[in-house]
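Below is one structure, written out as structure tokens; the observations come after it.
Below, chains carry the letters A, B, ... as their sequence lines are ordered, and counting in each starts from 1.
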Amino acid sequence: MARLNDEVGALLREYADLILLSGGNAFRARSYEKAARSVGGYPGDLAHLDEAGLRAIPGVGDSTAEKISEYLASGRMEALESLRAKIPPGVREVTQIPGVGPKTAVLLYRKLGIKSVDELRKAADAGKLKGLPGLGEKTVENIRHGIEQLSQASGRTLLSIALDLAEDLVAELGAVPGCKKCDYAGSLRRMRETVGDIDILATAKDSAPLMAALLARPEVADVIGSGTTKTSIRTDKGLQVDLRVVQPAEWGAALVYFTGSRAHNIKLRGRAVKEGLKLSEYGLFDVESGKKLASRTEKEVYAALGLPWIPPTLREDRGEIEAAADGALPDLVQLKDLRGDLHTHTDLTDGLAPLEVMLQTAADLGYAYYAVTDHAPNLAMQRMTDDKMLAQRARARDLDREYSGMRVLHGTELNIDAAGDVDWPADFLAGFDLCVASIHSSFGLDRAAQTKRLIRACENPHVNIIGHPTTRLLDRRPPIDADLDAVFAAAAHTGTALELNASPQRLDLTDDQAMAAQRHGVKFAINSDAHSTPALSNRRFGIATAQRAWLTKDDVINTWSLTRLRAFLRKPAVRGGGG
DNA sequence: GCCGTTTTCGGCCCGACTGTTTTCAGTCG
């Protein structure tokens, strides 16, 4: 449902970028950017709004509302099309390179005719960038480095984007007459942070209607192949979708096979071979007699191999098969276990919704507690002041009384500076129920300095959670370079939780990092870092990361009772309270 | 282009950091 909003948001963002690239007014561009964000974070469906309704969205005025309704009615935005005609798409792509903004991209385009990242790479290699005004040796080197970073990240699609499409496809294909079962498989089902393609599995006696339904989808740009058992298409966004139709009796074996991972499957097959069995996408068979032993459900297949069903998020051959055989699979944390969100924003800083609206949405999610943690003053762009924060606290205390089932915690997201210090003196910090502290700048410090600043933040008695600890952005920014083992040890020792930031662009810490941290005894907070009401639902990606890290409820502080959580937030380990 | 304890124009997220400058432009959060 939110996808149309995202689509319109993306178009408005593109329009804003093209305004800048065509030398238009920067405030005008910013205004479209703001509208894009606002539309993307709007909780309702744009399709149900007329122009007056659209104008009621903050940041959307006459001009933007008109463009949106034009798009809703015709599927086109004329003003956008005309700017697209002036600026080649690759010029905008060039601004994706870290450190390259619109000014530089335009300069490269005007002076050298560069209209793609690839052309820029070639020009840099050929030494053609030298001598351009404002581009010294260092900048050229930074551009090269940026291109390198960009190329390493590309080629895969964010989990959230792929999941959105996959859920849509499963809903539509599952409703096709004759379809018995339909689900997505592959790395998507294992909830990896990015996916290479979407695998959809379905059962039906006659596959033709299912194949036809996929081919008729509006986002199909290219048909790679289509037969009776498999159809592959590529979407307009370049994402490949494979639909496989199997016999109902083979559903379980096929689902195991296509869910993977490859390494998990290989180990399963090895286990089968040892017992004189053969495992394929068609079933588990006795080699000698050729008799089929299991295939109808995943549970049957695993059971016939002497194993309990293994959750897809664990199927990476990281010891899950051995653990399953020993009856030692972890009791993974589930979405329903989450009792609260401990890192969220409101429109007091860069969030989109007022405190009241965020709280109501949180209450609707069934939370027992909820922390509002707006930005602190050192992130200057947020214009936070002591007075604003105290006024919000007073309001939060009032609102707390209005919710019988949910406690409102007043917190903040502090800024960890280059030395590891944070905003506000200790006495002011003591007034918060909890403090998240995160890095927002100085990403380029060396390993020793990054390690030191993170440890120093952990040692601060008022810092309860380190937010997005590595600051990586998928496809955009690499993680900072720090000795994470040292940081994990400090976090565990000081009673500072590390965040599993659930924003799909962040997913920070990663599953592997969380797994390593857990071995140090670190506790975690699964937080949405929501800047809008729909983003509160991103928690599902945090849960997925936690599961992939083998975490249980006991590892995750926001599955705990409020009493236990409050005891943890007092940081007895640092304050010398003796526990 | 949007918005208004500013009412129809005149501001708009501010400051650090970097690399190129010799006083500043571009990028980023």
Taking A/E356 first and then A/R395, would you say they form a salt bridge - that is, a charged N and a carboxylate O separated by under 4.0 Å?
yes

Item to complete: Would you mind classifying the nucleic acid contact of A/T139 as base, sugar-phosphate or nothing, using non-hydrogen atoms under 4.0 angstrom?
Response: sugar-phosphate

Margin query: So, OP1 or OP2 of B/dC3: does either fall under 4.0 Å of a side-chain N or O from A/S31?
Written below: no

- Query: With rounding to whole Å, what would you report as the distance between B/dT20 and B/dG15 at their P atoms?
  - Reply: 26 Å

Do the side chains of A/R453 and A/D421 get close enough for a salt bridge, i.e. N-O under 4.0 angstrom?
no

task = Sticking with atom P, work out how far B/dC13 lies from B/dC17, rounded to a whole angstrom.
result = 22 Å

Check your understanding: Can you check whether A/N142 has a side-chain N or O nearer than 4.0 Å to OP1 or OP2 of B/dG19?
Key -> yes

Between A/I97 and A/A418, the residue closer to the 5' end of DNA chain B by nearest nucleotide is A/A418

Nearest heavy-atom approach of A/D508 to A/T471 is OD2-N, 2.7 Å

*Near A/K388 NZ, under 6.0 Å, is it more than 12 heavy atoms from other residues, nucleotides or ligands?*
yes

Worksheet item: With a 4.0 Å cut-off on heavy atoms, is A/E66 in touch with a base, just the backbone sugar-phosphate, or nothing at all?
Response: nothing

* Taking only the side-chain nitrogens and oxygens of A/T104, find out if one of them lies under 4.0 Å from OP1 or OP2 of B/dT27. => yes

5'-most contact on DNA chain B (nearest-nucleotide basis), A/K67 vs A/R30, goes to A/K67

